[in-house]
Number of protein chains: 2
Amino acid sequence: MNPGTIRKSLESSGLRCTPQRFAVMAFLMERPGHPTAAEIFEAVNRADPRCSRATTYNNLRDLVQAGLVREVAVEGRAARFDVKGLRHHHFICDRCGCVEDMEWYDVPRPPRGSLGKRTLRQCEVIFRGLCAKCAVSGADSGVRSLRSSVEEHLHVQRRD
Amino acid sequence: MNPGTIRKSLESSGLRCTPQRFAVMAFLMERPGHPTAAEIFEAVNRADPRCSRATTYNNLRDLVQAGLVREVAVEGRAARFDVKGLRHHHFICDRCGCVEDMEWYDVPRPPRGSLGKRTLRQCEVIFRGLCAKCAVSGADSGVRSLRSSVEEHLHVQRRD
DNA sequence: ATATCACATTAGATTTAGTCTAGCCTGCTC
DNA sequence: GAGCAGGCTAGACTAAATCTAATGTGATAT
């Protein structure tokens, strides 16, 4: 990835291209796979100890606000980040919490009228299940958090 | 909401109907609007101080695992919970972080082959934008965290 | 060249959200 | 009526993220 590209995309979003900001962005680009903020901080800080934790978080916030980076919240775990490149959806593993990209396809807009006074900015699809590694390994290897382990449909037929 | 219904759905999911568990479930049913764990704890504990924080979290975990309750992770904020009743999607407000239900409609499955060795349990659509209240009030009222403001055109200044 | 100003950065303290620990309680079974 | 399992509790603890107050940086104005 050409350093000029990063600089340009930062600047065209109104962000100054500081060494720290550049490093965070570069790390995200060259390491797809949705790292957590802690992983990003650790990597960037190891490469150049001039980048502190607060700066990493600040820069992530700025990059997300500028629309260059996407944040993915995962139940019971740290958030994960990826560069907003080609459009894609996300797959979240119930077991290990990893986030993977899924091929893009269009999501139908919500039906007329269901939006009310709300303003719609984005629709995204989240897929859930087991990632390839966890699906294969079968046995448990780190399940701990609030997650639905029962198939979706087998409960609550509630009439209201 | 008939207390018998709650007891029955707990028991048919293999969960004993304890007073604390019942209270958490009842609160979620009678107060739709996706409260956070802290709100649930506060309400349930105020109504009956015999329910501790740990118990609230334990019960939420159990209810989610049993498939009676759904957890919604929100970027930069506490998770929110709702009873899994009628199928619906979720709308998350960029500004205040609230979660609202959206009318259900079918989501197309991921295209053939894009799943690989993964196991799919669920597809859900998340809508993002501004909730009715925030869309109207325009001015800022509590934005603080990593959130995307790109296409949002309304530049909220953090800190004042 | 220097004062100024806005933006960036830092170390470390703090807050928030959630989990863990160790012990007690309750109600069933033998 | 002892044993046991699941459930509960207060409060200590942890992880993730944010805040604070001070310092650095570099562009522009004087």
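Keep in mind that what you see is a predicted model, and the values were worked out from it rather than measured. Every chain is numbered from 1 and lettered A, B, ... according to where its sequence line falls, protein lines coming before strand lines.
Between the C1' atom of D/dT18 and the CZ atom of B/Arg77 lies a distance of 13 Å, rounded to the nearest Å. Distance, A/Glu39 CD to D/dA17 C1': 15 Å, rounded to whole Å. Look at CZ on B/Arg53: it is 15 Å from P on D/dC13, rounded to the nearest Å. Following rounding to the nearest Å, B/Asn58 (CG) and C/dT19 (P) show an atom-to-atom distance of 9 Å. Whole-Å rounding puts the B/Leu60 CG to D/dG7 C1' distance at 15 Å. In this entry the distance linking CG of B/Leu10 with P of D/dG6 reads 17 Å, nearest Å.
Here A/Ala38 lies out of heavy-atom contact (under 4.0 Å) with every strand.
A side-chain contact (heavy atoms from CB on, under 4.5 Å) with B/Leu28 holds for exactly one of B/Ile6, B/Val44, B/Val69; it is B/Val69.
Nearest-nucleotide mapping onto DNA chain D: of A/Ala78 and A/Ala54, the residue sitting toward the 5' end is A/Ala78.
One finds no side-chain N or O of A/Tyr57 lying less than 4.0 angstrom from the OP1 or OP2 phosphate oxygen of D/dT18.
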Please tabulate the protein-to-nucleotide N/O contacts below 3.5 Å involving nucleotides 3-8 of chain C, giving atom names and distances.
unit_1: C/dA8; atom_1: OP1; unit_2: A/Arg21; atom_2: NH2; d: 2.8
unit_1: C/dA8; atom_1: O5'; unit_2: A/Arg21; atom_2: NH2; d: 3.4

- prompt: Should A/Leu68 and A/Val83 be marked as a side-chain contact (heavy atoms from CB on, under 4.5 Å) after you check the CA-CA gap, both sets of side-chain angles, and the distance that decides it?
  reply: CA-CA 6 Å; A/Leu68 294 171; A/Val83 192; 5.9 Å; no
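Side-chain contact check for B/Gln122 versus A/Ile126: every heavy-atom pair is 4.5 Å or farther apart.
At most 12 non-hydrogen atoms from other residues, nucleotides or ligands lie less than 6.0 angstrom from CZ of A/Arg109.
Classified by interplanar angle (parallel below 30°, tilted 30° to 60°, perpendicular above 60°), the ring pair B/His34/B/His90 is perpendicular.
Between A/Arg87 and A/Trp104 the shortest heavy-atom distance is O-CB, 3.1 Å.
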